[in-house]
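So the structure is just underneath, and the comments pick up after that.
FYI, side chains are in, hydrogens and waters are out, and symmetry mates aren't considered; it's all heavy atoms of this structure. Since the structure is predicted, the reported quantities are computational estimates derived from the model, not experimental observations.
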Amino acid sequence: IKQFKQNSEGGFSPDDAWQGVMLRSLKYSPRRTELLPKGSQTIKLMLTKYDDLPPGDSVVYLAITNIPAAAPAEPVQTKSGEINLSLTAIHEIALPVVVRKGRVNDAGIISHVAKNKDLKTLSIRLERAANSTLPAGIVRGDISVWHKEHLIFLMKGKYILPDNNFIDVNLNIEGLASVLAKDKQPGAQLKILFTEPEENNGINDKKIIDEKTINL
C-alpha cells in the first residue's frame, strides 16, 4: 500500500512520510505470487472501517511490482579499464483504491481557458465546484474539444484528488488547423466539454458536467 501526492499539473510523486488510517484499514492477499507467462492472479482486498476514517473520499494505491526471475550472467569481453553493466527492468503499476464515507463534493467545473497564438494548445483549469457543506471527493471525468461536430482532442480519465482543489491541463489541438481550412464560415468557435467518464472508448456527451465555449 502506497500513497502519492498530486501536484497542480495533475502529476504524482510518492509520499513516503504518509501514515494515514487507510494504511491499517486495508489488507490484501496474497502479498507475493509467481506467475507464468499469460497467467493471472486474483488479489483479495479487505477493508476495516475504523471510526477515525475521515468523511469524504480516502485514496491509497495498491502497488504491484514485477520482479523478473534472475537471469544467469553471460561473460562479456571488455577492454582493460572498462566496466560492463547488465540491467534488469523492474516494472511497477499502482492501482487506486477509493473508500467513500458519506456524501462528497465531486462536482467539477472548467474555470479558465486560454489558447496559445498558433492554436496548437489550449490551457484549461479544472476546478472543484465550491461547496462548503460537503467534504471533498474525487472529481473525475473526460475532457474533449470540439469544433462543431468535429472532435479535435480527447483526454480520458482526468481527475482531481481530495487534497487538491484544481489542476491545470494542456490540451493538444494541432488537428484544428485542418478542420478550420475546410470551414469557410467566419466566427469559428471551440467547445470544451467535461463529461462523466466513459469506461469504454468514446465520449459520454449525454452527461455533461461542465462546458465552455471560446472564440478563435
Exercise for review: Report yes if some heavy atom in the side chain of T195 is under 4.5 Å from a heavy atom in the side chain of K207; otherwise report no.
Suggested key: no
Check your understanding: Looking at D57 and R140, does any basic side-chain N land under 4.0 Å from a carboxylate oxygen?
Key -> no
Review point. Below 4.5 Å, heavy atoms only, C-beta onward: do L62 and I1 meet side chain to side chain?
Key: yes
Review point. Does Y159 offer a backbone N or O that forms a donor-acceptor pair with the side chain of Q6 under 3.5 Å?
Key: yes
Review point. Under the 3.5 angstrom rule, does the side chain of D15 hit a backbone N or O of Q3 as a donor-acceptor pair?
Key: no
Review point. When you measure from the side chain of H147 to the backbone N and O of K191, does any donor-acceptor pair fall under 3.5 Å?
Key: no
Check your understanding: Does a side-chain heavy-atom distance below 4.5 Å link I110 with E211?
Key -> no
Review point. Can you find a pair of side-chain heavy atoms, one from P135 and one from N105, that are under 4.5 Å apart?
Key: no
Practice item. Taking all non-hydrogen atoms of both residues into account, name the closest pair between I109 and A129 and its distance. Key: CG2-CB, 4.2 Å
**Study point:** Shared hydrophobic cluster for I43 and L35 (ILVMFWY, side-chain gaps under 4.5 Å)
**Key:** no
Check your understanding: Side-chain contact, heavy-atom cut-off 4.5 Å: E198 with L154?
Key -> no
Exercise for review: Take N7 and S13, measure what side chain to side chain contact (heavy atoms under 4.5 Å, CB included) needs, and give me the verdict at the end.
Suggested key: CA-CA 8 Å; N7 60 33; S13 59; over 6 Å; no
Check your understanding: So, for V97 and M22, which heavy atoms are closest and what is the spacing to 0.1 Å?
Key -> O-CE, 4.4 Å
